[in-house]
Enquirer: 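Structure below; questions to follow.
Just so it is clear: chains get the letters A, B, ... in the order the sequence lines come, proteins before strands, and each one is counted from 1. Heavy atoms only: backbone and side chains are in, while hydrogens, waters and symmetry mates are out.
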There are 2 protein chains.
Amino acid sequence: MTDTLSETFAALADPTRRAILARLAKGEATVNELAEPFDMSLPAVSKHLKVLENAKLISRSRTAQWRPCRLEADTLKTVDGWLGGYRSLWEHRLDRLEDYLATLKTEEKEEQR
Amino acid sequence: MTDTLSETFAALADPTRRAILARLAKGEATVNELAEPFDMSLPAVSKHLKVLENAKLISRSRTAQWRPCRLEADTLKTVDGWLGGYRSLWEHRLDRLEDYLATLKTEEKEEQR
DNA sequence: GCCGTACTTAGCCAGTAAGTTAATTAACCG
DNA sequence: CGGTTAATTAACTTACTGGCTAAGTACGGC
């Protein structure tokens, strides 16, 4: 699993870690703050944070004995980039739906005449 | 890892499986066709396909002894949906970059006077 | 009906992942 | 210095993953 994108996806493949990211989307937080909602030991959360950090999904600074975590959006952006290559596969269908809706609307107007 | 999104991300966390999806983005393919580019036994590929199928990233039909695989874009769409909640985090920065570039352009004009 | 092709299942093994508790490091505070 | 809080590391268990080979199933064709 050496490659970066695999590491990113693997890090995202855990509900606890995604919940941590969701929390961090609202701003920085310390390890204890992040651990609080989970029914899990602190070392377990610490491990999850290490996984997220290695995957560059978060970064950590140091303030006294606290290690505030911050979300690294750029890495999520690369996931978005990967997805981008496939986006047309479902957007085309949406386009067709929109076309269809547009058609309906036109037909409505036609009928009103 | 019971939840769907985790299963999806886990399935995507493997370069072989992502390569298979990339191939399928170009159209249906049989197991042997999909296996061909990989230096890996057929059962190994079969397992990867099972992972992708369980994650609903592909589906399989049956034509004689062939089991053509097809990409299921809807599941990728749900990944896109999840990402959507974070998109503003990097797009804001892009906006600021665009603002900055706009400023530069304006300054250029200012200088031309 | 039997052979070949396409693919899956079974059983095995090595490596990794996710959790635990206990011990350790690091920093501040009195 | 000694105690408290914050967080990590160590050591270990258990479960899953990804690969293999070998055997089994399913189908079409001669």
Side-chain angles (χ1 to χ4, degrees), chain A residues 1-24 27-72 75, chain B residues 1-24 27-71:
Chain A
M1 201 263 290
T2 43
D3 78 285
T4 315
L5 198 49
S6 296
E7 197 173 8
T8 307
F9 278 126
L12 295 175
D14 184 291
T16 304
R17 289 195 289 259
R18 289 198 308 279
I20 288 173
L21 293 181
R23 167 62 191 77
L24 289 176
E28 292 202 354
T30 66
V31 178
N32 273 298
E33 283 167 355
L34 291 172
E36 196 273 324
F38 302 108
D39 184 22
M40 189 185 295
S41 69
L42 205 61
V45 174
S46 195
K47 271 192 184 180
H48 281 305
L49 291 174
K50 174 140 280 179
V51 172
L52 289 169
E53 190 179 24
N54 288 340
K56 304 235 162 58
L57 283 161
I58 66 167
S59 63
R60 284 189 272 190
S61 45
R62 175 163 230 164
T63 309
Q65 66 266 56
W66 294 277
R67 243 133 295 191
C69 302
R70 158 167 31 90
L71 201 149
E72 287 294 323
T75 303
Chain B
M1 199 263 291
T2 43
D3 77 286
T4 315
L5 199 48
S6 296
E7 197 174 8
T8 306
F9 278 127
L12 294 175
D14 183 291
T16 304
R17 288 194 289 259
R18 289 197 308 279
I20 289 172
L21 294 181
R23 168 61 190 75
L24 290 177
E28 293 201 353
T30 67
V31 177
N32 273 298
E33 282 168 356
L34 291 172
E36 195 274 324
F38 303 108
D39 186 21
M40 186 183 297
S41 70
L42 204 59
V45 174
S46 196
K47 268 195 187 179
H48 282 305
L49 292 175
K50 174 140 279 177
V51 172
L52 290 169
E53 189 178 24
N54 288 339
K56 304 233 161 61
L57 282 162
I58 66 169
S59 62
R60 284 189 273 190
S61 44
R62 176 164 230 165
T63 309
Q65 66 267 55
W66 293 278
R67 243 133 296 189
C69 302
R70 158 167 30 90
L71 201 148

Enquirer: When you compare the side chain of B:T16 with that of B:M40, does any pair of heavy atoms fall below 4.5 Å?
Expert: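 Yes, side chains in contact.
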Enquirer: Taking NZ, NE, NH1 and NH2 as the nitrogens, is one of them in A:E28 or A:R70 under 4.0 Å from a carboxylate oxygen of the other?
Expert: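 Judged by the 4.0 Å cut-off on N to carboxylate O distance, A:E28 and A:R70 do form a salt bridge.
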Enquirer: Rounded off to whole Å, could you give me the CD-to-C1' distance for the A:E7 and C:dA17 pair?
Expert: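 Going from A:E7 (CD) to C:dA17 (C1'), I get 13 Å.
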Enquirer: Of all of residues 41-48 of chain B, which get a heavy atom below 4.0 angstrom from DNA chain D, listed by number?
Expert: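 Contacting residues: B:S41, B:P43, B:A44, B:K47, B:H48.
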Enquirer: Taking all heavy atoms of A:T8 and all of A:L57, pick out the closest pair and write down the distance.
Expert: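 Looking at all heavy atoms of both residues, the shortest contact is O-CD1, 4.1 Å.
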Enquirer: Could you check which residues of residues 58-70 of chain A get a heavy atom under 4.0 Å from DNA chain D? Sort them by number, please.
Expert: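 Close to the strand are A:R60, A:Q65, A:W66, A:R67.
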Enquirer: Are any of the side-chain heavy atoms of B:D14 and A:S6 separated by less than 4.5 Å?
Expert: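 Side-chain contact under 4.5 Å: no.
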Enquirer: Name the nucleic acid region contacted by A:T30, choosing base, sugar-phosphate or nothing; use a 4.0 angstrom heavy-atom cut-off, strictly under.
Expert: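 Sugar-phosphate contact only.
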Enquirer: Should A:N32 be listed as having a side-chain N or O under 4.0 Å from OP1 or OP2 of D:dA7?
Expert: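 For D:dA7, OP1 or OP2 has a side-chain N or O of A:N32 closer than 4.0 Å.
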Enquirer: Can you see which heavy atom on A:T30 is nearest to which on A:W66, and at what distance?
Expert: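 Heavy-atom minimum between the residues: CG2-CD1, 3.8 Å.
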Enquirer: Using whole Å, what does the distance between atom P of nucleotide C:dA17 and atom CG of A:L12 come to?
Expert: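 So the CG-P distance, A:L12 to C:dA17, works out to 14 Å.
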Enquirer: Once you round it to whole Å, what is the distance between P of D:dT5 and CD of A:E33?
Expert: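 Spelled out: CD on A:E33 to P on D:dT5 is 16 Å.
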Enquirer: How many whole angstroms separate atom CG of B:D14 from atom P of C:dG15?
Expert: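 So the two atoms are 18 Å apart, to the nearest Å.
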Enquirer: Please tell me if the side chains of B:C69 and B:L34 come closer than 4.5 Å, counting only heavy atoms from C-beta onward.
Expert: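 B:C69 vs B:L34: side chains touch.
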Enquirer: In whole angstroms, how far is the P atom of D:dG18 from the CE atom of B:M40?
Expert: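 Rounding to the nearest Å, CE of B:M40 and P of D:dG18 are 10 Å apart.
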Enquirer: Rounded to whole Å, how long is the line connecting atom NZ of A:K50 with atom P of C:dG19?
Expert: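 From A:K50 NZ to C:dG19 P: 16 Å.
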Enquirer: Is A:R18 salt-bridged to B:D3, going by a charged N under 4.0 Å from an acidic O?
Expert: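 Salt bridge: yes.
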Enquirer: Whole angstroms only, please: what is the CG-C1' distance between A:N54 and D:dT9?
Expert: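 Spelled out: CG on A:N54 to C1' on D:dT9 is 15 Å.
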Enquirer: Do A:R62 and A:R67 come close enough that some side-chain heavy atom pair is under 4.5 Å?
Expert: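 The answer is yes; the side chains approach within 4.5 Å.
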Enquirer: In this structure, how many angstroms lie between the C1' atom of D:dG19 and the CG atom of B:L49, rounded?
Expert: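 Interatomic distance, CG of B:L49 to C1' of D:dG19: 15 Å.
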Enquirer: Any heavy-atom pair between the side chains of B:V45 and B:N32 that's under 4.5 Å?
Expert: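 A side-chain contact is absent here, since even the closest heavy-atom pair is not under 4.5 Å.
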